[in-house]
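Below: one structure, written as structure tokens.
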Amino acid sequence: MITVDEALQRVLALAGPVRTEEIDLSDALGRVLAEPVHARLTQPPFNAAAMDGYAIRRTECEQTLRVIGEAAAGRPWTGDAAPGTAIRIFTGAPVPDAYDRVAMQEDVARDGDTIRLTQQSENDNIRAKGHDFVEGSSFDPARPLTPRDLALIAAMNVARLTVARRPRVAVLPGGDELVPPGTTPGPGQIVSSNDLAIASIARLAGAEVDVLPIAADTEESLRDSFARASRADLIVTIGGASVGDHDLIGRVTEGMGMERAFYKIAMRPGKPLIAGKMADAAMLGLPGNPVSAIVCAELFMRPLLAAMQGLPQVERVRDGVLGADLPPEGSRQHYLRASIRHEDGQAVVTPLTSQDSALLAMLSSADGLLVRPAGDPARKAGEKIRYIAFD
Ligand SMILES: Nc1nc2c(c(=O)[nH]1)N[C@H]1C(S)=C(S)[C@@H](COP(=O)(O)OP(=O)(O)OC[C@H]3O[C@@H](n4cnc5c(N)ncnc54)[C@H](O)[C@@H]3O)O[C@H]1N2
Ligand code: MOO
């Protein structure tokens with residue numbers, strides 16, 4: 001069995017080149033730029049008033065000044081700015097070149113068409129031309145675009161973007177025991193829950209997801225599901241990855257020509273994970289146990305979807321301290337469902353009472369995963385450990 005780190009490297013190698021498309025800025029929330037954006041103008045495009053008040057000359061701030069015009073946002077003032085004058089000005093208006101300060105109206109006494117400053121301030125209240133960005137500046141954040149990024153790109157006057165195409169993920173649940181949520185299970189049946197979780201993790205990671213109907217435990221039914229997934233960049237099967245007579249994923253994918261990257265990892269839960277390439281698509285065969293499937297999706301599918309969009313890998317493992325004594329660890333790297341509380345600037349991570357990989361209520365109540373290396377010796381509460389927080 002290979003290690004988790006080795007497995008992750010092999011999974012990332014399945015990503016292939018980033019596929020791109022051009023979209024409207026209005027559709028770009030959460031998308032990843034494939035090419036830098038370049039500002040098409042300078043912002044602010046002129047020296048702009050930052051306050052409502054009067055444009056004056058710094059050298060004349062002790063004098064009585066005559067108000068000779070008005071400038072508002074979108075309505076610049078043009079005229080002859082003689083000495084001893086001021087312009088009534090509003091926030092966002094261009095400050096005429098002759099003036100170099102905006103006195104806030106709260107600091108000004110007005111009498112007819114003259115003003116005097118009642119309060120002196122060193123603040124010019126002018127946003128200099130290009131103070132935000134200048135024409136040609138490049139913007140290329142290595143993360144999904146945020147609402148704040150969209151505002152910046154809009155201000156740069158860029159309306160079309162080249163982004164990574166959303167990876168197309170096909171989720172293939174399978175098993176004779178499964179029925180969709182809302183259906184009454186027959187004898188020996190349970191409700192399929194993993195597909196929704198896996199699809200949701202993929203969607204949050206930027207993918208466009210198609211969840212296929214539950215396949216039966218026959219080679220024919222599985223082959224039919226794979227055929228329906230032919231447009232996918234990533235095919236994710238759930239269940240049937242282990243060694244039982246009805247665990248058919250390994251056999252069917254092999255028969256369909258999958259180039260296997262690995263099968264089985266020294267990891268708990270998640271040992272029977274399968275990974276490889278089927279034609280142009282990457283393939284992950286997640287174990288069926290719900291916790292195993294979800295932990296594998298967090299640890300392998302998420303990074304793979306990030307790589308498919310050209311995103312850098314994010315290190316999610318952090319340092320914390322153990323909240324309870326632990327016995328020695330076995331031969332697989334263990335991801336224990338845990339509560340996390342923050343105390344004295346430290347994350348105190350305590351494993352939950354049961355680590356059975358079928359328990360969804362336990363997983364749902366967990367704040368994250370305590371990561372224990374294979375062969376880790378017995379540990380005492382208070383010792384340093386590593387963990388991953390759920391987001
Ligand atoms: N003899 C051995 N048996 C098992 C081994 C082993 O090494 N030797 N490994 C165990 C481990 S570890 C895991 S994990 C499971 C994984 O098995 P499969 O991937 O083949 O999964 P299934 O057998 O199809 O299902 C396991 C379990 O999960 C439930 N399941 C499956 N799909 C869903 C779904 N969409 N929603 C909810 N629950 C699902 C399924 O009903 C089973 O209860 O194998 C161990 N066995
Ligand atoms: O590895 Mo299985 O995934 O322990 O339940």
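Counting starts at 1 for both ligands and their atoms, in listed order. Numbering of residues begins at 1 and proceeds along the displayed sequence. Please read all numbers here as calculations on a predicted model, not as lab measurements.
- Among all protein heavy atoms, the one lying closest to atom 4 (O) of ligand 2 is P269 CA, 3.6 Å.
- Side-chain contact of R66 with T114: a donor-acceptor pair under 3.5 Å is absent, judged by distance alone.
- Which parts of ligand 1 touch N289 is read off a 4.0 Å heavy-atom cut-off, strictly below it: atoms 13 (C), 14 (S), 15 (C), 26 (C), 27 (C), 28 (O).
- At a heavy-atom cutoff of 4.0 Å, ligand 1 is contacted by the side chain of S292 but not by its backbone.
- Residue I190 has at least one heavy-atom neighbour below 4.0 Å for each of these atoms of ligand 1: 38 (N), 41 (O).
- Residue contacts with ligand 1: G240 is included, with a non-hydrogen atom under 4.0 Å away.
- The closest side-chain donor-acceptor pair between Y54 and R110 falls under 3.5 angstrom.
- The atoms of ligand 1 that sit less than 4.0 Å from any heavy atom of K271 are 6 (C), 7 (O).
- Proximity of N194 to ligand 1, defined as any heavy-atom pair under 4.0 Å, is shared by backbone and side chain alike.
- Atom 1 (O) of ligand 2 has as its closest protein heavy atom G270 N, 2.6 Å.
- Following chains of ILVMFWY side-chain contacts shorter than 4.5 Å, one cannot reach L326 starting from Y335, and the two form parts of different hydrophobic clusters.
- Backbone and side-chain nitrogen or oxygen atoms of R268 are examined, and none is located within less than 3.5 angstrom of a nitrogen or oxygen of ligand 2.
- Taking 4.0 Å as the cut-off, S192 counts as a neighbour of ligand 1 on heavy-atom distance.
- Using a 4.0 Å cutoff on heavy atoms, G175 does not count as a contact of ligand 1.
- Cation-pi geometry between R57 and Y99 is satisfied (NZ or CZ under 6.0 Å from the ring centre, within 45° of the ring normal).
- Of all the atoms in ligand 2, the ones that sit under 4.0 Å from a non-hydrogen atom of N289 are 5 (O).
- Where the criterion is an N or O separation shorter than 3.5 Å, residue side chain and backbone included, E177 meets it with respect to ligand 1.
- Listed by number with element, the atoms of ligand 2 under 4.0 angstrom from any heavy atom of S292 are 2 (Mo), 3 (O), 5 (O).
- P141 is listed as a side-chain neighbour of L33, based on a closest heavy-atom distance under 4.5 Å.
- Contacts of V243 with ligand 1, taken as heavy-atom pairs under 4.0 Å, involve the side chain alone.
- Atoms of ligand 2 found under 4.0 Å from any heavy atom of S357, numbered from 1 in the order shown, are 5 (O).
- Among the atoms of G288, some N or O lies under 3.5 angstrom from an N or O of ligand 1.
- Between R168 and D210 no salt bridge is recorded (no basic side-chain N to carboxylate O distance below 4.0 Å).
- Considering each of A293, G239, S242, the one bringing a non-hydrogen atom nearest atom 5 (C) of ligand 1 is S242.
- Only one option out of R379, K380, R386 pairs with E383 in a salt bridge (Lys or Arg N to Asp or Glu O under 4.0 Å); it is R379.
- When I214, L360, D176, L178 are checked for heavy-atom proximity to atom 32 (N) of ligand 1, L178 turns out nearest.
- Checked against a 3.5 angstrom limit, the closest N/O atoms of P272 and ligand 1 fall outside it.
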